[in-house]
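Here is the structure we will look at, set down as structure tokens.
A, B, ... follow the sequence lines: proteins, then strands. Residue 1 opens every chain.
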2 protein chains.
Amino acid sequence: MNELLDYFKQTISISSEIENKLSEVIKEKTFVKGEIILSDNSIKKEHIFVASGCLRSFYKTENGKEYTIQFAINNWWISDYMTLYSDAKSSISIESLTPSKVFILDKNNVDKLYKEHPAFEAFQRKNFEKRIAILQKRILSLLTLSASEKYDQFLKDYSDFEKIIPNYQIASYLGITPQSLSRIRKERIRN
Amino acid sequence: MNELLDYFKQTISISSEIENKLSEVIKEKTFVKGEIILSDNSIKKEHIFVASGCLRSFYKTENGKEYTIQFAINNWWISDYMTLYSDAKSSISIESLTPSKVFILDKNNVDKLYKEHPAFEAFQRKNFEKRIAILQKRILSLLTLSASEKYDQFLKDYSDFEKIIPNYQIASYLGITPQSLSRIRKERIRN
DNA sequence: CACAAAAATGAATCTATGGTAATAAATTAA
DNA sequence: TTAATTTATTACCATAGATTCATTTTTGTG
């Protein structure tokens, strides 16, 4: 059972020839809760597809503070886009918040895939368009919203799995402290 | 003289047949300083390429506050990505900060282009990768940096044309008030 | 279960940045 | 050039959210 192939097949038709090739380059891995999938000193250029479980990508400052870039569940991609697509050396880690199963694709293999199968390129181009819109929206949120409003937005955007994620990580996604988030939550219970 | 064609030709080879087709769908427009290129109630889905001058895209809240999403000069793209690529109705405007010359491509025409000429799709896919890395980087800046540090980053990222942009717009890009920016600048002169 | 570790909450300051308002400087228009 | 308008600066007070530190609650493990 390969959820990634299923995911592709939802949108593009895949010949058995392509399917075989894909199966060769897709690496399936499973992780336990808390396990690190990609560490911040890695130079690996990989695309990560989540089949099950919940993952988180985050940046860690010199003094140990963590900032969450993204959460991801079933059928989401999560990767270190700065390492993948720019020369900026980033220090992003990806960890598994729950037991998880992921499929990992090496950048080189994906690049080959684009060349050999234009349908993948089109597929990915559309994916990227969606991602750009999402990132843009997040930037606007960060610019315009208060802590409480950002939390609202988060609850809406991640309603599917908000409950799995510890509050201190939600706070690190919103750019606020766990204490602030706690205060906001308290306020809400009152009202 | 069509700078957009030159821009394409830097990366992909363009037959005279494609060139003709492109010339048909590329609309050249010039704007004076302060002119609005795309207004926030427009539903137009357009890609905008800057040939000369400096443009700015921004979001305006109900109470009139402006938040700058992006600046763009020569050979940059600037568009309302949320309108282009998601159903989220956004209220983004694009204005010309200087006299400018731009090329406008309708979304439909671009989509056709992808279908008919895979090289464009590949080209755009790579563009999008870069853009994703840039947006990711901005999100990290907004999450981790102080006002002063964000200003530093801005001066680095936009060093080419920092001087053209009024400070109150820089402030709106950083997510701070003009007064705060002024304070930061004063500090720097002192030191 | 019981203990240890991690996470969440709470309360008391502190501080960076916001808001307001007045003035000065710069730009634009006449 | 001058007047009008826009932008930038300054100062003073207000406040959202940070920081610090203690306490409680939850989660994980032998």
Rounded to the nearest angstrom, tell me the gap between atom [atom1] in [X] and atom [atom2] in [N].
X: A:Ile164; N: C:dA7; atom1: CD1; atom2: P; value: 16 Å
X: B:Glu187; N: D:dT9; atom1: CD; atom2: P; value: 14 Å
X: B:Lys150; N: C:dG18; atom1: NZ; atom2: C1'; value: 12 Å
X: A:Leu97; N: D:dT27; atom1: CG; atom2: P; value: 15 Å
X: A:Ile170; N: C:dT9; atom1: CD1; atom2: C1'; value: 15 Å
X: B:Gln169; N: C:dT27; atom1: CD; atom2: C1'; value: 14 Å
X: B:Leu181; N: D:dA8; atom1: CG; atom2: C1'; value: 10 Å
X: A:Lys186; N: D:dG17; atom1: NZ; atom2: P; value: 16 Å

Side-chain donor-acceptor pair present, [X], [Y], cut-off under 3.5 Å:
X: B:Arg185; Y: B:Tyr151; value: yes
X: A:Tyr81; Y: A:Arg131; value: yes
X: B:Ser141; Y: B:Arg138; value: no
X: A:Thr177; Y: A:Ser180; value: yes

What nucleotide, of [options], holds the atom closest to the side chain of [X]?
X: B:Gln179; options: C:dG18, C:dT20, D:dG17; result: C:dT20
X: A:Asn167; options: D:dA11, C:dT17, C:dT9; result: C:dT9
X: A:Lys33; options: D:dT19, C:dA21, D:dG28; result: D:dG28
X: B:Pro166; options: C:dT20, C:dG19, D:dT7; result: D:dT7
X: B:Thr177; options: D:dA8, C:dG18, C:dG10; result: C:dG18
X: B:Ser182; options: D:dT10, D:dG17, C:dT9; result: D:dT10
X: A:Ala147; options: C:dA8, D:dG17, C:dG18; result: D:dG17

- Query: Looking across every strand, which nucleic acid part, if any, lies under 4.0 Å from A:Gly175 by heavy atom: base, sugar-phosphate, or nothing?
  - Reply: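 The answer is sugar-phosphate, as A:Gly175 gets under 4.0 Å only of primed atoms, P, OP1 or OP2.
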- Task: Determine the contact category for A:Lys65: base if any of its heavy atoms lies under 4.0 Å from a base atom, sugar-phosphate if only primed atoms, P, OP1 or OP2 are that close, otherwise nothing.
- Result: sugar-phosphate
- With a 3.5 Å cut-off and just heavy-atom distances, do the side chain of A:Arg183 and the base of D:dG17 make a donor-acceptor pair? yes
Would [X] and [Y] pass as an ion pair if we require N to O under 4.0 Å?
X: A:Glu129; Y: A:Arg125; result: yes
X: A:Lys112; Y: A:Asp106; result: no
X: A:Asp111; Y: A:Lys107; result: yes

- Message: Using C1' atoms of five pairs at each end, report the bend of the helix from C:dC1-D:dG30 to C:dA30-D:dT1 rounded to 10 degrees.
- Response: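 Axis-to-axis angle, ends of the helix: 60°.
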- Message: With a 4.5 Å cut-off on side-chain heavy-atom distances among I, L, V, M, F, W and Y, is there a chain of contacts connecting A:Ile14 to A:Leu105?
- Response: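 Yes, A:Ile14 connects to A:Leu105 through the hydrophobic network.
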